[in-house]
*Asks:* 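One structure follows; several queries about it will come next.
If you're wondering where the values come from, they're calculated on a predicted model, not measured in any experiment.
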Amino acid sequence: IVTVVHGRVTENPGDARDEEEIADRTQALLGAAEILLIDAGGLLVGQTPYTRVAVFGAVSSRGDEPQRATDVARAIAISSARDASIAINVGIDTGRLLVRRGYAGPAPSVSGDALLSAERLAAAAHDGEVLTSTRTARHLAARFVLEPADDPRTVRVCGPRSVLDVDHLPPIVGRDREIELLVCELAKTAQSGEPHSVLIIGAPGVGKSRLRREIVEGMLAADVIGFP
């Protein structure tokens, strides 16, 4: 079972910039999207002058492929929102794919319903939306605010859930010291304007990602930090 992310560029027909400038900006955005997909663990399986497609979980699975795919999909959509002339609309689906490694080149050959569904969702999205299938949405409800789209098979990803939403995120326990340390480091960064790094080490499943999400989403919800 893998998760497919399909990003598709759409242009604002009313934009006054010349075609060459728009084409350059399109390639810059898609290049940045490609880097985000690969850095998040995605396997790039397709690209055209207007699209990038990546699969999460094809090589190895960590069990969080839908969440990671959605995180990077939102980052891609948000990055394109800064440009009034261009938007990257993203479709996400989860399912079985047949992935064949190519011998003639680095790009693998991929086929399956999830690939076609993600493409359909990206085509249905507009203005930098992220749309998922209902089967992917089942994996996302604890972390993201979701709402029904026009198509009953489609769900719109609106943003991350606040850590204060106790209906969806259970309270974190036994991590008071770690939370105090992380909040202290964030406060130092806010006061000095200089970056501070903290390395969280622990065995798989002990809650490293949960701890990080508790801090980051809590600070975002409180409007203490933000993304550039």
*Asks:* What do the steps show when you test E180 against E185 for side chain to side chain contact (heavy atoms under 4.5 Å, CB included), and what is the final call?
*Replies:* CA-CA 9 Å; E180 182 180 356; E185 291 302 313; over 6 Å; no
*Asks:* Rounded to the nearest 0.5 Å, how far apart are CG of L30 and CZ of R25?
*Replies:*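 Those atoms lie 10.5 Å apart.
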*Asks:* Give a yes or no answer on whether the side chain of R156 reaches the backbone of A149 with a donor-acceptor pair at less than 3.5 Å.
*Replies:* no
*Asks:* Taking H139's backbone N and O only, do any of them form a donor-acceptor pair with R143's side chain (distance below 3.5 Å, no angle check)?
*Replies:* no
*Asks:* How close do A122 and R8 get, counting heavy atoms only, and between which atoms?
*Replies:*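 Result for this residue pair: CB-CB, 4.2 Å.
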*Asks:* Which heavy atom of P49 sits nearest a heavy atom of T26, and at what distance?
*Replies:*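 Looks like O-CG2, 3.9 Å.
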*Asks:* Taking the side chain as everything from C-beta on, heavy atoms only, tell me whether V72 gets closer than 4.5 Å to F56.
*Replies:*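 A side-chain contact exists here, since the closest heavy-atom pair is under 4.5 Å.
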*Asks:* Got a donor-acceptor contact below 3.5 angstrom from the E147 side chain to the V157 backbone?
*Replies:* no
*Asks:* Taking side-chain contact (heavy atoms from CB on, under 4.5 Å) as the criterion, tell me which of T10, V130, I78, I76 meets it with I88.
*Replies:* I76
*Asks:* Where is the tightest heavy-atom contact between A137 and L146, given as atom of each residue plus distance?
*Replies:*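 Taking A137 first and L146 second, the nearest heavy atoms are O-CD1, 3.7 Å.
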*Asks:* Do the non-hydrogen side-chain atoms of I179 and L211 ever get within less than 4.5 Å of each other?
*Replies:*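 Touching, per the 4.5 Å side-chain cut-off.
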*Asks:* Main chain of D24, side chain of Q27: is a donor-acceptor contact present, judged purely on distance under 3.5 Å?
*Replies:* no
*Asks:* How long is the straight-line distance from CG of D113 back to OG of S133, given to the nearest 0.5 Å?
*Replies:*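 Going from the OG atom of S133 to the CG atom of D113 covers 11.5 Å.
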*Asks:* Among all residues two or more places apart in sequence or in another chain, which pass the side chain to side chain contact (heavy atoms under 4.5 Å, CB included) test with D127?
*Replies:*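 Side chain to side chain contact (heavy atoms under 4.5 Å, CB included) check on D127 returns nothing, list empty.
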*Asks:* Heavy-atom distance under 4.5 Å between the side chains of V53 and V5, does that happen here?
*Replies:*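 Answer no - side chains too far apart.
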*Asks:* Side chain of D93, backbone of A118: donor and acceptor closer than 3.5 Å?
*Replies:* no
*Asks:* Given the rule that I, L, V, M, F, W and Y join up when any side-chain heavy atoms are under 4.5 Å apart, are L131 and L115 in one cluster?
*Replies:*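 Per the 4.5 Å side-chain linkage, L131 and L115 are not co-clustered.
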*Asks:* Within the side chain of K208, is there an N or O that forms a donor-acceptor pair under 3.5 Å with the backbone of G202?
*Replies:*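 Side chain of K208 to backbone of G202, a donor-acceptor pair under 3.5 Å: yes, one is there.
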*Asks:* Return the minimal non-hydrogen interatomic distance between E129 and H126, and the atom names on each side.
*Replies:* CG-O, 3.0 Å
*Asks:* Check whether any side-chain heavy atom of T132 sits under 4.5 Å from a side-chain heavy atom of L140, and report yes or no.
*Replies:*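 Yes, side chains in contact.
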*Asks:* If we only count heavy atoms from C-beta on, is the F144 to T70 side-chain gap below 4.5 Å?
*Replies:*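 Yes. Closest side-chain heavy atoms under 4.5 Å.
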*Asks:* Restricting to non-hydrogen atoms, name the atom on T134 and the atom on P152 that form the minimum distance, rounded to 0.1 Å.
*Replies:* CG2-O, 3.7 Å
*Asks:* So V9 and T51, do their side chains get closer than 4.5 Å, heavy atoms only?
*Replies:*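 Not in contact.
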*Asks:* About how many Å separate OG1 of T94 and CZ of R135, when rounded to the nearest 0.5 Å?
*Replies:*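 The OG1 atom of T94 is 7.5 Å from CZ of R135, to the nearest 0.5 Å.
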*Asks:* As an exercise, state the distance from CD of E34 to CZ of R52, rounded to the nearest 0.5 Å.
*Replies:*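 With rounding to 0.5 Å, CD (E34) is 5.0 Å from CZ (R52).
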*Asks:* If you look only at distance, which donor and acceptor atoms sit under 3.5 Å apart when one is on a side chain in residues 37-44 and the other is two or more places apart or in another chain?
*Replies:*
none

*Asks:* Quick one, L121 with T154, criterion side chain to side chain contact (heavy atoms under 4.5 Å, CB included). Give me CA distance, side-chain angles, the key distance, then yes/no.
*Replies:* CA-CA 8 Å; L121 289 163; T154 303; 3.5 Å; yes
*Asks:* Contact between T3 and V55 at the side-chain level, heavy atoms closer than 4.5 Å - yes or no?
*Replies:* no
*Asks:* Evaluate the side-chain proximity of T136 to E65: yes if any heavy-atom separation is below 4.5 Å, no if none is.
*Replies:*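 Counting from C-beta outward, E65 and T136 never come under 4.5 Å.
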